[in-house]
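Each ligand, and each atom within it, is numbered from 1 in the order the structure gives. Side-chain atoms are counted along with the backbone in the values below, which use heavy atoms only and exclude waters and symmetry mates.
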Amino acid sequence: MTKVLTINDISCVGRCSYAVILPILSHFKMEVNLLPTALLSAHTGFKGSKIIDLTSQLEAFYDHFKGLNASYDIILTGYLLNSKQLDFIIDITKKSHSLIIVDPVMADNGKFYSHFDMQYANKMWQLCKQSDIIIPNITELFFLLNRPYNDNYTIEDIQQMIKIVSENGIKKGIITGVSFDFNKFGIVCFEKDTIKIIAKEKIPVNYAGTGDIFASVFVGYYKQTNNFFTACQKAIDWIYLVIKETYLSNNDPRFGVPFEKYLDKI
Ligand code: PXL
């Protein structure tokens, strides 16, 4: 059985982070261990979220796992709360033999989420450089490379950014939320020198948690198929189905997507 250590937050409302990662990875019959970074009443897209910061507990939890002889095929990182947590995770990944997959959760739509800034992005870049696969959205890619976000990016801009990412030793990556054309929306994925664009018809609503859903369904398919580009295609096909049907039902996007109804279509 594949064993995954997931490092992420528990947002009690809003279908993101562990609320989506756990059911999806379990659906793929993976064993999931949790290293929670924070407990939030709801994700930060809602106003007034109450946050319990778990920074002071991370090391003790991880030491306990080591004492239990836990070893992981995959470490999947997501929402971290601060630079101190990043330092600790960078240290873990340096010493680890697991496949390291980093979703550098910190920004979207050209802006940082609350709590994050360019200094955090620079440190997140250090973590990305320790990883095997990164899954930033397009805003996060700009910020990782210390660039101001520019909505009018071209495919050449992305190719150039991917070149820098590859030159820094990151072998594979998926850039999500990419749109070159008014009607299309999708991902750009790369493995060494090969770059593929997978585009779908644009859906003009940003649902919470879809980055976390994409990352986990990708991880599941990657382990299942052992083929990076096939996993990207399957992940995008499934999440597109979920988002398209959600759009037709007019849900409040802060509550995420009803992915539960579509697990059997994975
Ligand atoms: O889905 C990304 C995410 C995860 N966790 C928390 C968030 C967000 C995005 O806003 O606030 C707590």
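Taking only non-hydrogen atoms, the option from S11, G14, S114 nearest to atom 12 (C) of ligand 1 is S11. When I213, D9, N8 are ranked by how near their heavy atoms come to atom 5 (N) of ligand 1, first place goes to D9.
Taking every heavy atom of both residues into account, F259 and V242 meet most closely at CA-CG1, 4.0 Å.
Proximity to T44 (heavy-atom distance under 4.0 Å) selects the following atoms of ligand 1: 7 (C), 10 (O), 11 (O). Distances below 4.0 Å separate heavy atoms of S17 from the following atoms of ligand 1: 4 (C), 5 (N). Below 4.0 Å from some heavy atom of C16 lie the following atoms of ligand 1, by number and element: 1 (O), 4 (C), 5 (N). When each atom of ligand 1 is checked for a heavy atom of L40 under 4.0 Å away, the hits are 12 (C).
Pairs passing the salt bridge (charged side-chain N to carboxylate O under 4.0 Å, His left out) check and including a residue from residues 234-243, sequence neighbours excluded, read K200-D237.
Of the protein's non-hydrogen atoms, the one nearest atom 1 (O) of ligand 1 is D212 OD2, 2.8 Å.
Between D132 and K172, none of the side-chain N atoms (NZ, or NE/NH1/NH2) sits under 4.0 Å from a carboxylate O, so this pair counts as no salt bridge.
Side-chain contact check for T77 and N8: no donor-acceptor pair (N or O, by modelled atom type) lies under 3.5 Å.
Listed by chain and residue number, nothing satisfies the ring-ring contact (aromatic ring centres under 6.0 Å, His included) test with F190 (two or more places apart in sequence, or in another chain).
In this structure, K196 is positioned above the aromatic face of F229, its NZ or CZ under 6.0 Å from the six-membered ring centre and within 45° of the axis.
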